[in-house]
Amino acid sequence: MKRTLALGGVAAGLLASAVVASPAQAEKVPAKPLAETNFAAKQVAAFWYGEKMANLINATPYNVETKVSSKVVAHLPKEPTSVKPGVVGSSGDQKPTGTSKNVNLPRSSGKVFFVGADNKPHWCSATAIQSGHKNLVATAGHCVFSTVKEKDTMSKWVFVPGYYQGKTPWGIYVGKTAFTHFDYEVYADGDFDYAFVAVYNGVQVTDVKTDSVKNWVDKRVFKTLAEAEKAQKDVETKETGWAGKIVPFVSKPETVVRDKKNKEYQQTWIDVCTWAHWQNLQAAALTAENKAPATKDAVEILNKGRGETTDFKTAPGTGIKVTRVSLTEYDSAKDEVKIGDLVFRVSEDGKSVYFIYDHGYYKINFWAKYDLDYKLVGKIVDITLKDVGALGDNVPGQGLAYNQKVGQPTYVFGYPSGSHPDGNYAFTGKTLKYSYGKTFPAVAPSIKGEALQGIKSSFTGEGALGSGWLFKYDNRKRFGYLNGVTIGVSDTDGNDRYDTSISPYFDGETLGVYKVAAATASGAIV
């Protein structure tokens with residue numbers, strides 16, 4: 001929440017806090033590294049370019065904290081006379097040429113891709129911003145800083161302007177350093193949920209080669225998952241690209257897990273002879289906890305409906321599952337075995353034993369918990385990259401507006417995806433979309449947002465996070481001034497359709513974060 005509320009009330013806080021950042025404020029701007037070295041940046045690019053861009057193509061829209069409960073502030077007090085609105089010029093501050101009745105979409109919009117706390121690739125919307133180093137991107141703060149995992153930065157963060165179905169027309173721009181407001185990083189304050197990211201020069205792939213993983217990894221068996229993860233990290237650290245995964249497997253079926261604290265096992269169906277072997281081998285280890293139930297208890301358990309099952313633990317690390325089945329399934333087992341007066345039928349693979357009890361038909365399956373080992377399966381990806389120049393040389397940046405009067409006509413550009421609450425899928429996230437309206441003060445207590453701005457928009461939340469709000473957008477030049485970024489959507493009238501997007505109000509403190517980010521150089525990675 002805004003900590004500078006001076007005039008009382010939400011809208012007053014929104015305006016009273018709008019003062020140009022002082023040097024003292026700038027010193028508090030947290031800077032977080034995303035890819036600290038050129039080699040690390042190459043690895044990030046290889047992650048997205050490798051395996052025929054599978055990670056880019058299969059990434060899903062980020063949907064953390066998209067739905068919020070927001071309210072409109074109906075009356076806005078007069079602005080304090082000390083507040084001075086301002087702008088930072090865009091790359092398009094030149095004389096426009098031509099005319100157009102249609103809305104020309106800005107080249108500055110694109111998607112940011114990253115790996116989230118769930119270790120899966122996701123994307124948000126973002127906007128290229130003008131700066132002296134021509135290397136700045138603006139998006140929502142929680143599209144850079146994880147709200148799920150202890151405010152950590154997202155990994156493998158890149159900006160792809162104009163992305164469409166695996167195409168990167170102006171290259172991939174790997175994030176180098178991310179900047180946000182102190183109150184967002186420390187307090188997760190929604191009033192400051194924005195981020196500026198300095199990116200390296202863009203790269204395009206010119207060649208991709210894959211080789212089998214080195215033998216010392218490929219043929220090595222790891223006893224624990226921790227050992228396998230360490231080996232994978234070593235590969236990722238030493239190689240530009242690595243496309244693979246850790247595969248668990250049972251290398252020695254004779255090793256049964258008896259230790260209850262050992263969670264690295266695979267419960268495997270076995271045949272009756274193997275199960276009997278384990279019972280004989282561990283006869284002395286049978287305990288009251290593990291042995292089969294008494295006859296009375298067994299009778300009660302067996303009298304169940306068709307398809308219902310019961311598990312019994314037997315010798316440590318082994319057990320059986322009893323299922324009531326149909327006559328048809330019982331008759332499918334042809335081999336009969338007699339033990340005294342009892343008649344059993346056995347499946348061809350020996351993994352199912354059938355019997356009749358009280359006019360019911362039953363099947364027994366046998367299992368053992370086998371100890372798991374691990375190996376790495378995958379390929380070293382050798383990717384050749386070429387430098388395509390700074391972001392601003394390929395995608396001219398938008399300007400930045402701050403301390404602007406609420407109520408201004410504004411365009412929102414982004415890649416909405418997902419559904420409305422009623423299940424209607426209005427957007428696919430594949431192409432850039434826009435909405436248009438006038439901003440108004442809003443609040444969202446669920447994300448500590450006490451001085452936000454809203455705009456009427458049908459954008460769904462997934463994928464729309466980070467969408468750029470452009471003030472004074474010139475349709476002929478395709479330039480304007482970034483005056484907000486989408487941090488959530490809301491259904492304000494309760495009809496199960498999202499009707500409002502919300503953003504932090506860009507004020508003097510936003511300008512302070514921008515200035516620190518804009519002063520950061522990045523350079524080339526190849």
Side-chain angles (χ1 to χ4, degrees), residues 31-59 110-116 119-123 126 128 133-137 139 143-144 152-163 166-178 197-214 216-217 229-245 376 378-395 517 520-526:
K32 294 287 187 178
L34 297 173
E36 297 185 74
T37 65
N38 286 9
F39 185 70
K42 289 179 184 179
Q43 290 179 312
V44 173
F47 174 82
W48 297 107
Y49 271 127
E51 295 296 288
K52 298 180 180 180
M53 296 189 181
N55 289 317
L56 274 179
I57 295 170
N58 297 326
K111 291 184 178 182
V112 292
F113 292 85
F114 51 85
V115 174
N119 292 319
K120 296 179 180 179
H122 299 287
W123 55 266
H133 295 288
K134 301 181 179 180
N135 65 345
L136 213 55
V137 177
T139 188
C143 291
V144 182
D152 196 7
T153 53
M154 302 299 189
S155 63
K156 299 179 173 61
W157 198 97
V158 298
F159 176 56
V160 185
Y163 173 81
K167 293 181 173 59
T168 59
W170 297 292
I172 281 181
Y173 299 80
V174 179
K176 180 179 183 180
T177 311
V197 179
V199 297
Y200 289 97
N201 281 11
V203 290
Q204 289 278 27
V205 63
T206 59
D207 190 24
V208 179
K209 295 179 181 178
T210 57
D211 294 310
S212 297
V213 177
K214 297 176 181 177
W216 72 272
V217 173
E229 289 175 337
K230 183 179 182 303
Q232 181 177 4
K233 188 174 181 179
D234 289 342
V235 173
E236 292 174 338
T237 301
K238 296 175 182 178
E239 303 295 339
T240 301
W242 152 252
K245 59 184 178 180
L376 297 187
K379 297 177 180 178
I380 298 295
V381 181
D382 184 14
I383 292 182
T384 304
L385 302 170
K386 69 174 181 179
D387 184 282
V388 296
L391 175 62
D393 291 333
N394 299 296
V395 180
T520 304
S522 48
I525 65 175
V526 292

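We're numbering straight along the sequence, starting at 1.
- Considering all non-hydrogen atoms of both residues, Val112 and Val137 come closest at CG1-CG1, 4.4 Å.
- Side chain of Asn394 to main chain of Pro169: no donor-acceptor pair is present (N/O by atom type, distance under 3.5 Å, no hydrogens or angles).
- With sequence neighbours left out, Lys386 forms a salt bridge (Lys or Arg N to Asp or Glu O under 4.0 Å) with no residue at all.
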Go through the steps to decide whether Val115 and Phe47 satisfy the test side-chain contact (heavy atoms from CB on, under 4.5 Å), and finish with yes or no.
CA-CA 10 Å; Val115 174; Phe47 174 82; 3.8 Å; yes

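- Applying the side chain to side chain contact (heavy atoms under 4.5 Å, CB included) rule to Lys233 yields the partners Thr237; only residues at least two apart in sequence or on another chain are considered.
- Residues that satisfy the side chain to side chain contact (heavy atoms under 4.5 Å, CB included) test with Thr37, not counting sequence neighbours, are Phe39, Ala40.
- Side-chain N or O atoms of Asn55 include none that pairs as donor or acceptor with a backbone N or O of Pro121 at under 3.5 Å.
- Judged as a ring pair (Phe, Tyr, Trp, His ring centres under 6.0 Å), and not counting sequence neighbours, the contacts of Tyr163 are Phe113.
- Across all their heavy atoms, Gly171 and Pro161 have their closest contact at O-CD, 3.9 Å.
- With hydrogens and angles ignored, the 3.5 Å screen pairs a side-chain donor or acceptor of Asn38 with a backbone N or O of Ala524.
- In this structure, the separation between CH2 on Trp48 and CZ on Phe114 is 8.5 Å, given to the nearest 0.5 Å.
- Across every non-hydrogen atom of Val174 and Ala35, the tightest pair is CG1-CB, 4.1 Å.
- Minimum heavy-atom separation, Thr177 to Ala31: CG2-CB, 4.0 Å.
- Across every non-hydrogen atom of Ser522 and Val199, the tightest pair is OG-O, 2.6 Å.
- Asn201 pairs by the side-chain hydrogen bond (donor to acceptor under 3.5 Å, both in side chains) definition with Asp387, not counting sequence neighbours.
- Put simply, the side chain of Trp170 never gets that close to the backbone of Val388: no donor and acceptor are under 3.5 Å apart.
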Practice item. Applying side-chain contact (heavy atoms from CB on, under 4.5 Å), run through Leu56 and Trp123 and close with a yes or a no. Key: CA-CA 9 Å; Leu56 274 179; Trp123 55 266; over 6 Å; no

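- Residues satisfying the side chain to side chain contact (heavy atoms under 4.5 Å, CB included) test with Asn58, not counting sequence neighbours, are Ala54.
- Looking at residues two or more places apart in sequence or on another chain, you find a salt bridge (Lys or Arg N to Asp or Glu O under 4.0 Å) between Asp393 and Lys134.
- The minimum heavy-atom distance between His133 and Ala390, with the atom names listed, is O-CB, 4.3 Å.
- Judged as a side chain to side chain contact (heavy atoms under 4.5 Å, CB included), and not counting sequence neighbours, the contacts of Ala178 are Leu34, Val144, Phe145, Val197.
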Decide yes or no on side-chain contact (heavy atoms from CB on, under 4.5 Å) for Tyr200 and Val44, but give the supporting numbers first. CA-CA 11 Å; Tyr200 289 97; Val44 173; over 6 Å; no

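- By the side-chain hydrogen bond (donor to acceptor under 3.5 Å, both in side chains) test, Gln204 pairs with Tyr49, Thr168, sequence neighbours left out.
- Annotation: the span from Leu136 atom CG to Thr520 atom OG1 amounts to 8.0 Å, rounded to 0.5 Å.
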